[in-house]
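Read through the structure below, which is laid out as structure tokens, and then see the notes.
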Amino acid sequence: MNLDGLVHFCTCVLPGIRVQKPNFRFLVAGAISTKALGLVGHLPNVTVSGPVDDLREFYEAVSVVVIPVRYGTGVSIKALEAIRSGCRVVSTSKGVRGIAKANLGGIAIADEADQFGERVLSALH
């Protein structure tokens, strides 16, 4: 996840999710955490964690993996990891770039904030 996508998710998508699910919790983990802490760490129910030692534990602990990447090139390693883990995933089209459609399975894809939020809420059910 890039910082732009993270900030966009927290400012444009998360408020809509919280209208329907006020206690929704969002975890930011990995290398992005150091920079993310100052940008979104102050938001309610947003937890900024450090690098993840055991990806299996991490993916088992989360309900939905969000990949709100809005810019970039190349294949998203995080998307591949999430797909491989069998997690429910909501991503932008940029977040799954470079991955063949046949390998996307049930990943929900949305590029607009309101649709992204709707897909996250649907994935929670």
Side-chain angles (χ1 to χ4, degrees):
M1 176 184 332
N2 56 29
L3 287 173
D4 170 77
L6 172 65
V7 171
H8 182 264
F9 179 83
C10 288
T11 59
C12 298
V13 178
L14 196 52
I17 291 172
R18 291 214 172 117
V19 167
Q20 294 186 43
K21 195 161 179 66
N23 294 324
F24 179 84
R25 293 180 303 141
F26 182 58
L27 171 64
V28 180
I32 195 172
S33 299
T34 304
K35 292 179 182 176
L37 188 59
L39 295 171
V40 299
H42 64 283
L43 297 173
N45 290 338
V46 173
T47 302
V48 179
S49 177
V52 175
D53 293 326
D54 186 342
L55 287 175
R56 285 176 296 173
E57 280 184 25
F58 173 77
Y59 286 124
E60 287 173 5
V62 298
S63 299
V64 177
V65 174
V66 298
I67 306 171
V69 174
R70 299 188 327 145
Y71 304 102
T73 60
V75 175
S76 171
I77 300 301
K78 297 205 181 341
L80 291 172
E81 292 169 349
I83 291 168
R84 185 174 148 210
S85 75
C87 284
R88 289 172 279 182
V89 178
V90 178
S91 178
T92 60
S93 56
K94 285 284 189 187
V96 293
R97 68 197 175 273
I99 301 172
K101 287 186 182 189
N103 295 327
L104 292 178
I107 291 180
I109 299 172
D111 291 317
E112 301 300 322
D114 57 340
Q115 289 178 331
F116 200 97
E118 289 169 10
R119 299 234 172 37
V120 170
L121 289 166
S122 291
L124 290 170
H125 298 293

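As the structure is a prediction and not an experimental result, all values here were calculated from the model.
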Could you grab the distance from atom CG of L37 to atom OG1 of T47, nearest 0.5 Å is fine? 10.5 Å

Rounded to the nearest 0.5 Å, what separation is found between the CD1 atom of I83 and the CD1 atom of I99? 4.0 Å

Please enumerate all residues that pass side-chain contact (heavy atoms from CB on, under 4.5 Å) together with S49, with sequence neighbours excluded. L27, A29

Heavy atoms only: give me the nearest V89-A82 pair and the separation to one decimal. CG2-CB, 3.7 Å

How long is the gap from NZ on K35 to CG on L3, to the nearest 0.5 Å? 6.0 Å

Within this structure, what is the CG-CZ distance for the pair L43 and F26, rounded to the nearest 0.5 Å? 10.0 Å

Atom CG of D53 with >12 non-hydrogen neighbours under 6.0 angstrom: no

Could you label the plane-to-plane angle of the F116 and F9 rings as parallel, tilted or perpendicular, counting under 30° as parallel and over 60° as perpendicular? perpendicular

Check whether any side-chain N or O of R119 sits under 3.5 Å from a backbone N or O of A110 as a donor-acceptor pair, and report yes or no. no

My understanding is that only one of V46, V120, V19 makes a side-chain contact (heavy atoms from CB on, under 4.5 Å) with F24; could you say which? V120

Measuring only between side-chain heavy atoms, which start at C-beta, is T11 closer than 4.5 Å to P15? no

Between P22 and N45, which heavy-atom pair has the shortest distance, and what is it? O-ND2, 3.9 Å

Give me the atom names and distance for the closest heavy-atom approach of V28 to I32. CG1-CG2, 3.7 Å

side-chain hydrogen bond (donor to acceptor under 3.5 Å, both in side chains) partners of S93, counting only residues at least two apart: D111

Roughly how far, to the nearest 0.5 Å, is CD1 of I109 from CD1 of I67? 9.5 Å

Side chains of L6 and N2: closer than 4.5 Å at any heavy-atom pair? no

Would you list the atom pairs, donor with acceptor, under 3.5 Å between side chains in residues 56-65 and any protein atom, with sequence neighbours excluded?
residue, atom, partner, partner atom, Å
Y59, OH, E81, OE1, 3.4

Are the side chain of R88 and the backbone N or O of A123 linked by a donor-acceptor pair below 3.5 Å? yes

Look up atom CZ in R84 and atom CD1 in I77, then write down how far apart they are to the nearest 0.5 Å. 11.5 Å

Heavy-atom closest contact (C12 atom, A113 atom, distance): O-CB, 3.7 Å

So which atom in A79 and which in V96 form the shortest heavy-atom distance, rounded to 0.1 Å? CB-CG1, 4.3 Å

